[in-house]
Amino acid sequence: MMCGIIGYVGYRSAVPIIVEGLKRLEYRGYDSAGLSVISGSGITLLRAVGPVAGLEKKITALSAGACGIGHTRWATMGAVNEENAHPHSDCTGKIHIVHNGIIENFGELKAGLESRGHLFLSQTDSEAIAHLIEEESAGCDSFADAVRRALKKIRGSFATVVLCASNPDTLIAARHESPLLIGVGDSENLVASDATAVLSHTDRVIYLEDGDVATITPNSVSISDMDGAGVCREIVKIEWSLDEAEKSGYEHYMLKEINEQPSAIREAIMGRISPAEPIIDIGLGEEDASGLKAITLVGCGTSYYAGLAARHFIERCTGLPVNVEIASEYRYYGMPKSGDLVVAITQSGETADTLAAVKQAKKAGARVYAVTNVIGSTITRIADRVMLTRAGPEISVASTKAFTTQMVVLQLLALRLSQLTGNISAKEVADHSSHLHRLSRLVQETLERRDAVMQAASGIAEKTAAFYIGRGQNYPIALEGALKLKEISYVHAEGFAAGELKHGPLALIDENTPIVAIVAGDPTYEKTLSNIAEIKARGSPVIALAFDSDTDVEKQADIVLRIPDAPFDVAPLLCAVTLQLLAYYVAKARGCSIDRPRNLAKSVTVE
Ligand code: F6R
């Protein structure tokens, strides 16, 4: 399950605070939402199928209760219905829980609980937590002890917050392999899956670690391990303002985030490359490059494509073999060795498959670096070195600014490793650095061509399929462009290496299949032009992405989307930005739910 969790305990009415937090967490799942609040008469439970707005409509009278929990669900076990919406309670109705994760030994636990008389009201695995706590409470005088004992029986992953009628001003929160943090306020405290849900109340947070159990009251937070021994966690100040996490007047988060790329890229290189000297500072020293034999990049979805896009550049810079692996494959079939460097690429830092791949690599003695956007995320606690992308919060499910900043940070990594290994000259490092310095301006110029992209989008919006082609460094950009289109517009889209067309995919195309051909910055440009000619011969409309100075492509393509002339190593980023806009405008023309595409969620914290 990848769900959003929020809890509040303090002096204010909990319901509006929980609802606001749930709205900010909706990107984590929006199949159903619910909340439980303690008031004088006991615990009030409210749940609704669909997004948080549906739950909000059901709130008729505000409970004065100042302690409560909320949850927004992305279903994995049990259908999307009200019974399966969280919170779930025990048989007495006095213990309510919200949960994000998967209980692997659920079948066994449920059978045992039922044989001892517990009645399950939902099909979820999560409900077992409430019943287990109920059982453990019997022989326990501390609520936290009962939770700890119950959680020890669970195999799997969880972030959970527990509410108990007999402790009306206490929340117990625990995590194991699912994210959870505490927002520390004055005479009030919050707990949530991520910082955006607490930021309007406090910018001070404590990231819980695996195995932590926190007892939270309005005036205190005490954290222990699963055996009850106290642990110390520091309070971190969040630098993101709430304003940054909101839409700032754009119709969709996705468009806002696309437009934030010039500043995100500036941030990503800030203080890391010096315009005067060829020095790359991303926190790596001599020891980080010594003895390196091979590099493997791992990630999922868009983050995997960022790895593919960086591959040739890293190989050229370092002279080392570079593999790029899908994390869900690598975790089972990868062959990490000591002497390898495994670089995990993950916006959220919480993707279950990527975390598992990295744990596997560490076990084999490989070095692990992380390229991530989220400070304090799980990957940052596993990796030996962390390189933040500094893109700011990405709320839209479709990744945009995270992708381009990942590409920038991977280039910085390549340059730094090449410096440390002495593989390329200082002059080459300086040249690449100056390209990265120009990149933000070039992305801004690319964004200013949005009107042409919007027009081209209208030609795709009425079609059922579109194909993207590119060669070399543009091939991963074709894959990423197609992913963006399919996930937000539901137009069937695939990316192909241009040379592969005649080995099969050509059979699919006709005059109703637009082809998006990326030729800007392609050293095998003429070959790709021949591929375009083959496509034209079959009557398909061709939209080409080409440099301003390109005068040949317009003889072949029906529409040319212009990219500012740019150095070879940064041109793919500009094409990626144009393809993000293209997907966005197609989805808009088709009236799709752009920020929250069907069946998808932002953070995939289960396998
Ligand atoms: C697509 C998209 C996903 C993510 C993937 C990995 O637009 O966003 O494909 O890239 O789920 O997520 P992270 O980068 O958080 O590991």
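Note that this is a predicted model, so its numbers are computed, not measured. Counting starts at 1 for both ligands and their atoms, in listed order. Excluded from the calculations below are hydrogen atoms, water molecules and symmetry mates; all remaining heavy atoms, backbone and side chain alike, are included.
- Close approach to Glu487 involves these atoms of ligand 1, each under 4.0 Å from a residue heavy atom: 1 (C), 7 (O).
- Without hydrogens or angle criteria, Glu325 side chain to Thr296 main chain gives no donor-acceptor distance under 3.5 Å.
- By the criterion of a heavy-atom distance under 4.0 Å, neither the backbone nor the side chain of Glu350 is placed next to ligand 1.
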Subject >> ring pair (Phe, Tyr, Trp, His ring centres under 6.0 Å) between His432 and Phe313, worked out >> reply: CA-CA 11 Å; His432 285 304; Phe313 186 79; 4.9 Å; yes
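- Heavy atoms of Val397 approach ligand 1 to within less than 4.0 angstrom.
- Residue-ligand proximity, Thr346 to ligand 1, at heavy-atom distances under 4.0 Å covers atoms 13 (P), 14 (O), 15 (O), 16 (O).
- Taking every heavy atom of Ser348 and a limit of under 4.0 angstrom, the matching atoms of ligand 1 come to 13 (P), 15 (O), 16 (O).
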**OP:** List the steps, then state whether side-chain hydrogen bond (donor to acceptor under 3.5 Å, both in side chains) holds for Thr124 with Asn84.
**Re:** CA-CA 6 Å; Thr124 66; Asn84 289 335; 5.1 Å; no
**OP:** Could you check Ser200 against Glu20 for side-chain hydrogen bond (donor to acceptor under 3.5 Å, both in side chains), going step by step and ending with a plain yes or no?
**Re:** CA-CA 9 Å; Ser200 64; Glu20 182 207 336; 2.6 Å; yes
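- Set against the non-hydrogen atoms of Gln347, the atoms of ligand 1 under 4.0 Å away are 13 (P), 14 (O), 15 (O), 16 (O).
- Taking every heavy atom of Gly301 and a limit of under 4.0 angstrom, the matching atoms of ligand 1 come to 9 (O).
- Glu257 and Gln580 are not linked by any side-chain donor-acceptor pair at a separation below 3.5 angstrom, with hydrogens and angles left out of the test.
- Summarising the local packing, CD of Gln455 is surrounded by 12 or fewer heavy atoms from other residues, nucleotides or ligands at distances under 6.0 Å.
- With 3.5 Å as the limit, one finds a donor-acceptor pair spanning the side chains of Asp569 and His435.
- For ligand 1 and Ala398, the ligand atoms under 4.0 Å from any heavy atom of the residue are 7 (O).
- Looking from atom 6 (C) of ligand 1 to the surrounding protein, the closest heavy atom is Cys300 O, 3.3 Å.
- Residues Arg367 and Asp340 are not paired through a salt bridge, judged by the lack of any N-O separation under 4.0 Å between the basic side chain and the carboxylate.
- Sorted by first and then second residue, the ring pair (Phe, Tyr, Trp, His ring centres under 6.0 Å) pairs involving residues 445-469 (not counting sequence neighbours) are Phe467-Phe496.
- Closest protein heavy atom to atom 13 (P) of ligand 1: Thr351 OG1, 3.3 Å.
- Below 4.0 Å from some heavy atom of Ser303 lie the following atoms of ligand 1, by number and element: 10 (O), 13 (P), 14 (O).
- Near Lys484, with a cut-off below 4.0 Å to any heavy atom, the atoms of ligand 1 are 1 (C), 7 (O).
- Ranking protein heavy atoms by distance to atom 3 (C) of ligand 1, first place goes to Thr302 N, 4.0 Å.
- The nearest protein atom to atom 11 (O) of ligand 1, hydrogens excluded, is given as Val604 CG2, 4.1 Å; this is a heavy-atom distance.
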